[in-house]
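Shown next, in structure tokens, is the structure this report addresses.
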Number of protein chains: 4
Amino acid sequence: MARLKSEEKRNAILAAAAQGVAERGVGAPTSLIAKLAGVAEGSIFTYFADKDLLLNALYLSAKSSLRETMYEGYPSRAPIEERFEHVWNRYLDWGMAEPALRIAMAQLTVSERITADTRAEGERVFGDIAGLFNEGMASGALRQGQPIGFMAGIITAVAETTMHFMAQNPAQAADYRRAGFEAIWRAIGSG
Amino acid sequence: MARLKSEEKRNAILAAAAQGVAERGVGAPTSLIAKLAGVAEGSIFTYFADKDLLLNALYLSAKSSLRETMYEGYPSRAPIEERFEHVWNRYLDWGMAEPALRIAMAQLTVSERITADTRAEGERVFGDIAGLFNEGMASGALRQGQPIGFMAGIITAVAETTMHFMAQNPAQAADYRRAGFEAIWRAIGSG
Amino acid sequence: MARLKSEEKRNAILAAAAQGVAERGVGAPTSLIAKLAGVAEGSIFTYFADKDLLLNALYLSAKSSLRETMYEGYPSRAPIEERFEHVWNRYLDWGMAEPALRIAMAQLTVSERITADTRAEGERVFGDIAGLFNEGMASGALRQGQPIGFMAGIITAVAETTMHFMAQNPAQAADYRRAGFEAIWRAIGSG
Amino acid sequence: MARLKSEEKRNAILAAAAQGVAERGVGAPTSLIAKLAGVAEGSIFTYFADKDLLLNALYLSAKSSLRETMYEGYPSRAPIEERFEHVWNRYLDWGMAEPALRIAMAQLTVSERITADTRAEGERVFGDIAGLFNEGMASGALRQGQPIGFMAGIITAVAETTMHFMAQNPAQAADYRRAGFEAIWRAIGSG
DNA sequence: TATGAATGAGAGTTCATTCAT
DNA sequence: TATGAATGAACTCTCATTCAT
């Protein structure tokens, strides 16, 4: 039997793509990505039929990675603000731990090369976040009358800004993290 | 005497670049931009020595356009919240009036091709915004202890999100506009 | 003891190559040929050291297949025109029965990738045809003074044209077959 | 004003393509064609949007070239056999004068890359040949009951064979030319 | 011997930039 | 100054061939 396609190599390519895209945008050459991944140029295409598919897979992979991190140690029984804060903190943890993924995702989010289907699939990954919002609404912890998607969009936007400042200013990272949370909690909380 | 370089043509190129970048990202071909501008491919380069300079000029031009719109009819003597709201509303007006510019700016903001100098210059354009923040802080209208840049970043992020939702959902545009303002005012106001 | 290279598999590859070349020309990928043959990509190269050898083997295989068909039921004792007509009819039978082989051979015949040696070997396969011509000349049945190779070339060319029309127009196939024979018989017969 | 696309350069590319295809088949690299034409690799694509269009244009250009040569000095009032012979001779003249075009056309004719539309257009170019056949039929000079397309196909096939032998054997070229004509005239004439 | 992933040279094509007109 | 054809480096992708399994 021949070598089988390895999940490992696929992941190496995705990681390399994240780095490449973070540094050079979606225009990062596949040859650079191959080099970063330590594979031959052609090997990219045995794992991803073309560059667009690689980019879309990267987008989804980043979203999944984020979601997974966000729910690590999730305190299911804690009061809702605490759970929001948990998710918030994990979000920023992820961004600090995976700078390439964070920056690449920012590039991909504004790129025309990510299809509507992929974006929809990316939102689906965060389906359980909707549950958190619904519960927050029902319990009166969150401000009423805002579409959940809009709230989520604002949180994402503020989180990105916060991560950007944390990354630029590591010494004050903890301050930004807290200030960011306070800002969004005031923005969306019913307090 | 030779014809002067026409400011008009330069502007046509910038507008075309905005459209091109909005639709195809920073990878939009200069040939496409030339076509959109109604000039010859080569003419781009009599106005901008290379594509990076064009992109950086576009970034600055978009920032200036935004700043200018924001201060139209600025109520210098009104209470500070009203002035913030004015600026907020004008920001969103600009985004709705200039969708290409708005989207292009989002692309450029995350692109490696915009230099640090250009970014700094872009912030300088909004220098008087800093005055508004300082005054807000001094008067106690804004929450204390946050770096002005961070506040401004959050506002920008929320504004972009709001514009995105307004554009997607024109019927509810007014609702998003107000909800967005309430969210940021709670986030940064001392209220 | 290891399995023997299976003649069957070799033939499957040749048949797949015929189909591939018929459909996509000599540029048909070896990976396509492998898929059509139902073998792994690498297996092609245990039967044929490289693609050129495969192509040359296919050429010869097609010629042999044709020759074999032509002589099936050959009426050794019949008058010469009848023997010519037999050969003619078998030729066309072969073309109709093996369209992939027929078309592939047309592609290979004009390809630079078939070596002079292979072409010579291909002619050798039809050596006994020369005997038929010689006898025809000697008996006065064929026009004098033409090089045998030229006559054979003309017959081949007319046969290919005839097969093309038969394939395009199956309803009139019998008419073309007869018309084709009459044409070449007038062309080369002494009548 | 800039340099204008020159018919001359377009023709140089077509001539280079003919040479390239004659020598290496339709797989001849565009880079080779560019080099043969003495232009940059990219220039090919300012004249032909892609390689397929170049190949199809070459096919048509070869057909036109042939047709034009065939009708040079056409003896409109001569008896029909003489006119057929004129056309025949010019056909072979063309093949001897333009070996690259002749061989390239043979390659293109069997290639999948020439579209049905292009083939139809190629036949249209020879429309007046149909007139010659019709007249031949009406006057009784040609054998009755054969589709014109079939006759034309046979002539083409025999001409190609004849040119092949003439090219291989220049010393006997005149003999082949005459023998070829006699063969086709017996094949299609009513004599 | 069979498999098919891995390889990298080379293919077709794009595109920022130059330059003859 | 304006034009757009010309250029060739660089890009994405293909494919014959190799080789670990």
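Just the heavy atoms: all of them, side chains too, but no hydrogens, waters or symmetry mates, feed the values below. Below, chain A is the first sequence line, B the second, and so on; all start at residue 1.
A search for side-chain hydrogen bond (donor to acceptor under 3.5 Å, both in side chains) contacts involving D/Glu123 returns nothing, not counting sequence neighbours. Under the rule for a side-chain hydrogen bond (donor to acceptor under 3.5 Å, both in side chains), A/Arg119 has no partner lying at least two apart in sequence or in another chain. Partners of C/Thr30 by side-chain hydrogen bond (donor to acceptor under 3.5 Å, both in side chains), not counting sequence neighbours: none found. In this structure, the side-chain hydrogen bond (donor to acceptor under 3.5 Å, both in side chains) partners of A/Thr115, at least two apart in sequence or on a different chain, are A/Thr118.
Note: CG (C/Leu54) to P (F/dT17) measures 10 Å, nearest angstrom. B/Leu55 has its CG atom 12 Å from the C1' atom of E/dA16, to the nearest Å. Between D/Ile13 atom CD1 and F/dT7 atom C1' there is a gap of 13 Å when expressed in whole angstrom units. In this structure, the CD1 atom of D/Ile44 is 13 Å from the P atom of E/dT14, given to the nearest Å. In this structure, CZ of D/Arg10 is placed 14 Å from P of F/dA5, rounded to the nearest angstrom.
What you find for C/Gly20 and C/Ala28 is that their closest heavy atoms are O-CB, 3.5 Å. The shortest non-hydrogen separation linking A/Lys5 to A/Thr46 is NZ-O, 3.4 Å. For C/Leu101 against C/Ser65, the heavy-atom pair with the smallest separation is CD2-OG, 3.7 Å.
Around CD of A/Glu121, the count of heavy atoms belonging to other residues, nucleotides or ligands within 6.0 Å exceeds 12.
Taking side-chain N and O atoms only, B/Lys9 has a distance below 4.0 Å to OP1 or OP2 of F/dA2. At the phosphate of F/dT1, neither OP1 nor OP2 sits under 4.0 Å from any side-chain N or O atom of B/Tyr47.
Proximity note for A/Ser43 (side chain, C-beta onward) versus F/dA2, F/dT7, E/dA6: the nearest is E/dA6. The listed nucleotides are E/dT13, F/dT3, F/dC13; the one nearest the side chain of D/Asp50 is E/dT13.
Applying a 4.0 Å cut-off to non-hydrogen atoms, the residues of residues 18-41 of chain C that approach DNA chain E are C/Ala40, C/Glu41, listed by residue number.
Contact annotation: the side chain of C/Asn56 never approaches that of C/Leu108 to less than 4.5 Å [non-hydrogen atoms, C-beta and beyond].
Between D/Lys51 and B/Ala49, the residue anchored closer to the 5' end of DNA chain E is D/Lys51, taking for each the nucleotide with the nearest heavy atom. Mapping D/Asp52 and B/Phe45 onto DNA chain E via the closest heavy atom, the residue that lands nearer the 5' end is D/Asp52.
In this structure, A/Phe48 reaches neither bases nor backbone, as no heavy-atom distance under 4.0 Å exists between it and the strands shown.
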Annotated structure of DNA chain E as dot-bracket, pair cut-off 3.5 Å, Watson-Crick or G-U only, | for inter-strand, is .||||||||||||||||||||
